[in-house]
Amino acid sequence: MREFATFEERLSAWTTDTMKSFFGVEDTNVPLGVAPTNNDKFGDYQCNAAMELSKVLKKAPRQIAQEFIDAAELPNFVEKIDIAGPGFINFTLSNIALAEHIQSLENDPHLGAEQVGRGKTVIIDYSSPNVAKPMHIGHIRSTVIGNAIDRLYRFLGYNVIADNHLGDWGTQFGLMIVGFRSFVDEAALAEAPIEELERVYVASYNKSKEDPTWRDKAKAELVKLQQGDAENRALWERFIKLSIEEFNTIYDRLGVKFDLYRGESFYNDRLPKIIQSLEEKGLATESDGALIVDLEDEGMPVCIVRKSDGGYNYATTDLATVEARLEEFSPERIVYVTDERQQLHFKQFFTIAEKLGLNANLVHVWFGLMRLPEATFSTREGNVIKLAALLDEAEARSLEMVRSSSPDMPAEQQKDLAKAIGIGAIKYTDLSQNPQSLVTFTWEKALNMEGNSAPYLQYAYARISSVYDKFHAQYPDTELNQYSIIIEHKIERRLAVKLSHFSAAVHGAAENHRPNIMADYLYDLAQIYSSFYQNVPFLKAEQGVRESRIRLCRSTAATLKQGLDLLGIETPERI
RNA sequence: GCCCCGGUAGCUCAGCUGGAUAGAGCAACGGACUUCUAAUCCGUAGGUCACAGGUUCGAAUCCUGUCCGGGGCACCA
């Protein structure tokens, strides 16, 4: 068993082994492990195997449980074992073992989380906005959820490559180029690049609808760009550069970093080859002038890999991208984070990739669309809320709160704090929901600062820091590690049990690609801590108890800080 | 028409790889700041888990059907 194995792992291994040999069910598929109970009156862990084994053994569940208990020699970390209800076997951990475990986790930089990703590379493809279009609130989910998955994987030891697969290629660049030459306002471009590029695009698009010669001009410029015309190429590169610069200001504010910014264009050279191998393998056929892959056997509609005008599209680019990534990085897995509308596309392209023999573990993590209360959020409706505006608003609102709650704080510090709180609030709102549920955007929800929110967690953390500092000020000579954690009070026990579940939360969140599992965990932890804080004295407790409680505070702080960091949320020392 | 997702407290959402009386937050009501930061805590109230069948010792969770909402389904990505 590994060094910082959880109680759940240890206990499950024990129940499984013991039951297998005792009942002679070595080959059973019945799960024999334990799971945390949902209520501490049932102990800490429960094993449900007796009910499941009932049929196999042809005995009553309670009898099975009883026989097991009578015969079993309990592991030393278990204080109590008993039977309840129809045949649940409940385990209660000993307080001493619990305390020792929490203490031992202080020596593990990963707080007990097993490094399952060591030596493995995973590529995470997320955010991926389109060049020359401003990021709006619809982009926040891919960015924030993708980044949390990125951080979770890194924490588990994976070599993560975060790749921002920009939309930097497509027919719109013809319109962009002609439009730019006629309409651009360089001063405005310097001021707000993407906004100006977007304005240029819209102007050009509108003109193309009325003026066929304009449309032809755009087409001609697109062809020139695709053929590598130097001037058009330079212009296009400028669009990309300006866009990335502006995206980066948003990413900086969000604390998001990418390892690569490889747009779709990066893979252009490979497209003909992909088509060629599709044809060679007999996967692609002509249909109405286009080249398609028939996926009827897989129960899916056909997938176009080359348009009738000879152009390539999304599926082809994505196949080429996989091929390139496999060659260069040999990833164990590639994770794509996009909204739900792309499910079919990914299913199709994953299937084709497999048929092509691209041996990759491809995972599509999708999330529900962001809506506005009154309507579906869409550029066509013009009801967009720019991402930058959302962040501004969040910072402004939290700054107001910081000013009223900490009027004596230096202005600069107030601003930094407001940033950490405001951005944290926005991220947490998104991350604390099941990614797959459809979310309705409201300012009230996005900027929630009370109850189940990032500021609640940050506040809990800041209070611990404050207690910890006061302790050291009052007892400067105390070496905390010379005192053991003593678990006596009910709330201390609940806190310790929760702390021991951190590893499970990390793994659950990472494996399921659901950061909300981590968010839920942290909120529970903070709630228990807040109750602990409010209901028992620390600094005024007697010696021994005092140090024990401060140690529990310290462990809680470390766990909250690490957990929030995995969500990309900052933990200021003071709020 | 076919496919994917959702429907849980007044509102916003957890819980969904089956387990014990279904949980939070907000809103409502009642308490706690001369005491470690009240962005907090303690308590009260609030639910035929859309509906109907089925599987199971056990179903919010799995299966089937229906209703309602969102999305997708050939040259956008």
Side-chain angles (χ1 to χ4, degrees), chain A residues 31 35 37-39 41-42 46 48 51-52 54-55 60-61 84-88 90 128 130 165 167 169-172 264 287-292 299-309 311-315 317-318 338-345 347-348 366 368-369 371 376 398 401-402 404-406 421 425 429 432-434 436-440 442 444-445 448-460 462-471 474 512 516-517 519-520 523-524 526-527 530-541 546 549-550 553 574-575:
Chain A
T37 57
N38 59 6
N39 188 325
K41 83 176 184 202
F42 300 127
Q46 65 184 62
N48 301 336
M51 275 99 71
E52 312 241 13
S54 174
K55 226 176 257 169
F88 296 105
N90 294 333
S128 307
N130 289 324
H165 192 69
W169 200 247
T171 48
Q172 76 271 26
E264 293 157 7
S287 171
D288 292 343
L291 195 68
I292 61 162
M300 283 183 272
V302 299
C303 179
I304 294 180
V305 290
R306 192 179 64 208
K307 299 185 280 185
S308 50
D309 68 2
Y312 305 105
N313 57 13
Y314 197 25
T317 311
D318 275 342
T338 82
D339 74 55
E340 60 182 325
R341 288 175 301 185
Q342 301 194 30
Q343 283 179 90
L344 177 60
H345 161 72
K347 258 192 189 161
Q348 290 180 318
W366 58 266
L369 267 187
R371 297 168 42 101
T376 300
S398 53
M401 294 180 81
V402 169
S404 68
S405 67
S406 310
I421 293 172
T429 299
S432 60
Q433 295 190 53
N434 184 331
Q436 301 194 337
S437 49
L438 179 151
V439 302
T440 304
T442 62
E444 189 195 4
K445 196 167 46 157
N448 179 29
M449 309 265 172
E450 276 166 9
N452 190 355
S453 67
Y456 177 89
L457 299 173
Q458 291 169 321
Y459 180 66
R463 290 210 290 194
I464 302 176
S465 297
S466 176
V467 166
Y468 194 64
D469 290 351
K470 285 198 167 128
F471 172 79
Q474 285 177 35
N512 297 298
N516 74 305
I517 291 174
D520 273 359
Y523 180 60
D524 277 354
Q527 267 189 315
S530 296
S531 182
F532 175 52
Y533 178 92
Q534 208 86 22
N535 289 301
V536 302
F538 307 158
L539 299 178
K540 286 180 180 166
R546 178 173 59 226
R549 287 181 179 161
I550 298 295
C553 284
R574 294 284 176 275
I575 278 191

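Letters A, B, ... mirror the listed sequences (proteins, then strands); counts begin at 1. Only heavy atoms go into these numbers, but all of them, side chains included; no hydrogens, no water, no symmetry mates.
Taking a centre distance below 5.5 Å and an interplanar angle below 30 degrees as the stacking criterion, Y523(A) does not stack against the six-membered base ring of A24(B). You can call F88(A) stacked on the base of A20(B); the centres are under 5.5 Å apart and the planes sit within 30°.
Using a 4.0 Å cut-off, no side-chain N or O of R341(A) falls inside it from OP1 or OP2 of G70(B). In this structure, S530(A) does not reach the U40(B) phosphate: none of its side-chain N or O atoms is under 4.0 Å from OP1 or OP2. Neither OP1 nor OP2 of U37(B) sits under 4.0 Å from any side-chain N or O of S405(A).
Nucleotides C2(B) and U64(B) have their P atoms positioned 14 Å apart, rounded to a whole Å. A gap of 14 Å separates the P atoms of A39(B) and U35(B), to the nearest Å. Atom name P, nucleotides A22(B) and U48(B): the rounded distance is 12 Å, in whole Å. The gap from the P atom of U56(B) to that of G46(B) amounts to 36 Å, rounded to the nearest Å. Taking atom P in both C62(B) and G15(B), one finds a spacing of 12 Å when rounded to whole Å. Comparing the C1' positions of C5(B) and C41(B) gives an interatomic distance of 39 Å, to the nearest angstrom. Taking atom P in both A20(B) and C3(B), one finds a spacing of 33 Å when rounded to whole Å. Nucleotides G54(B) and A60(B) are separated by 15 Å at their P atoms, to the nearest Å.
Spacing between atom CD of E450(A) and atom P of A24(B) amounts to 18 Å, rounded to whole angstrom units. Rounding to whole angstrom units, CD of residue E444(A) and C1' of C26(B) are separated by 7 Å. Regarding R574(A), its CZ atom lies at a distance of 15 Å from the P atom of A39(B), rounded to whole Å. In this structure, D469(A) atom CG and U37(B) atom C1' are separated by 12 Å, rounded to whole Å. Separating the CG atom of L457(A) from the C1' atom of A39(B) is a distance of 11 Å, rounded to the nearest angstrom. Per the geometry, CG belonging to N38(A) stands 5 Å off P belonging to A20(B), to the nearest Å. Going from atom CD1 of I575(A) over to atom P of U37(B) covers 13 Å, rounded to whole Å. Regarding N39(A), its CG atom lies at a distance of 11 Å from the P atom of A24(B), rounded to whole Å.
Note that CG of D339(A) is 4.5 Å distant from CZ of R341(A), once rounded to the nearest 0.5 Å. Taking SG of C303(A) as the start and NZ of K347(A) as the end, the distance is 13.5 Å to the nearest 0.5 Å. One finds the OG1 atom of T171(A) at 11.0 Å from the CG atom of N313(A) (value rounded to the nearest 0.5 Å). Note that the CG atom of N90(A) and the CD atom of Q46(A) stand 6.0 Å from one another [nearest 0.5 Å].
If you check C41(B), C26(B), C36(B) against the side chain of Y456(A), the one that comes closest is C41(B). With distances taken from any side-chain atom of L539(A) to the nucleotides C36(B), A74(B), U40(B), the minimum falls on C36(B). You'll find that the side chain of A84(A) is closest to A20(B), out of G71(B), A74(B), A20(B). In the set C36(B), A39(B), G25(B), A39(B) carries the atom at the smallest distance from any side-chain atom of V402(A). Picking from C42(B), A77(B), U40(B) the nucleotide with the shortest atom distance to the side chain of N535(A) gives C42(B).
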task: Would you give a per-nucleotide map of nucleotides 55-68 of chain B, 5' to 3', where B means the base has a protein non-hydrogen atom under 4.0 Å away, S means only the sugar-phosphate does, and - means neither?
output: -SB-----------
message: I'd like to compare against my own output: the B/S/- annotation of nucleotides 3-17 of chain B with a strict under-4.0 Å heavy-atom distance to protein.
response: -SS------SSSS--
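Panel note: side chain S530(A), backbone A526(A); a donor-acceptor pair is recorded below 3.5 Å. Without hydrogens or angle criteria, N434(A) side chain to Q436(A) main chain gives a donor-acceptor distance under 3.5 Å. T429(A) contributes a side-chain N or O that, together with a main-chain N or O of K445(A), makes up a donor-acceptor pair within less than 3.5 Å.
Contacts of N48(A) with the nucleic acid, taken as non-hydrogen atoms under 4.0 Å apart, include base atoms. Nucleic acid contact class of D524(A) (heavy atoms, under 4.0 Å, all strands): none. No engagement by Q172(A) is indicated, since no non-hydrogen atom pair under 4.0 Å with the nucleic acid exists. Residue contacts for P537(A): at a heavy-atom cut-off of 4.0 Å it reaches a base atom on one of the strands shown. Using a 4.0 Å heavy-atom distance criterion, S466(A) is classed as a base contact. At the heavy-atom level, M401(A) lies under 4.0 Å from base atoms of the strands shown.
When all heavy atoms of L539(A) and V467(A) are compared, the closest pair comes out as CD2-O, 4.2 Å. Pairing each heavy atom of Q433(A) with each of V439(A), the nearest pair is OE1-CG1, 3.4 Å. Taking each heavy atom of L369(A) and E340(A) in turn, the nearest pair found is N-OE2, 3.2 Å. Heavy-atom minimum distance, N448(A) versus A425(A): O-CB, 3.8 Å. Scanning all heavy atoms of the two residues, the minimum distance from I304(A) to A315(A) falls at O-CB, 4.0 Å. The two residues P537(A) and R549(A) make their nearest non-hydrogen contact at O-NH1, 2.9 Å.
Heavy atoms of other residues, nucleotides or ligands lying less than 6.0 angstrom from CD of E444(A) number 12 at most.
Applying the 3.5 Å distance criterion, the base of A74(B) shares a donor-acceptor pair with the side chain of S287(A). Between the base of C75(B) and the side chain of S308(A) there is a donor-acceptor pair shorter than 3.5 Å.
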task: For RNA chain B, just give me the dot-bracket, please: Watson-Crick or G-U, both distances below 3.5 Å, ( ) intra-strand, [ ] crossing earlier pairs, | paired with another strand, . unpaired.
output: ((((((((.[[[[.)...(...]]]].(((((.......))))).....[[[[[..)....]]]]])))))))....
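Aromatic ring centres of F471(A) and F538(A) lie farther apart than the 6.0 Å criterion allows.
Nearer the 5' end of RNA chain B, as judged by each residue's closest nucleotide, is the contact made by V536(A), out of V536(A) and Y314(A). Toward the 5′ end of RNA chain B lies the nearest nucleotide of N90(A), the other residue of the pair N90(A) and Q527(A) mapping further downstream.
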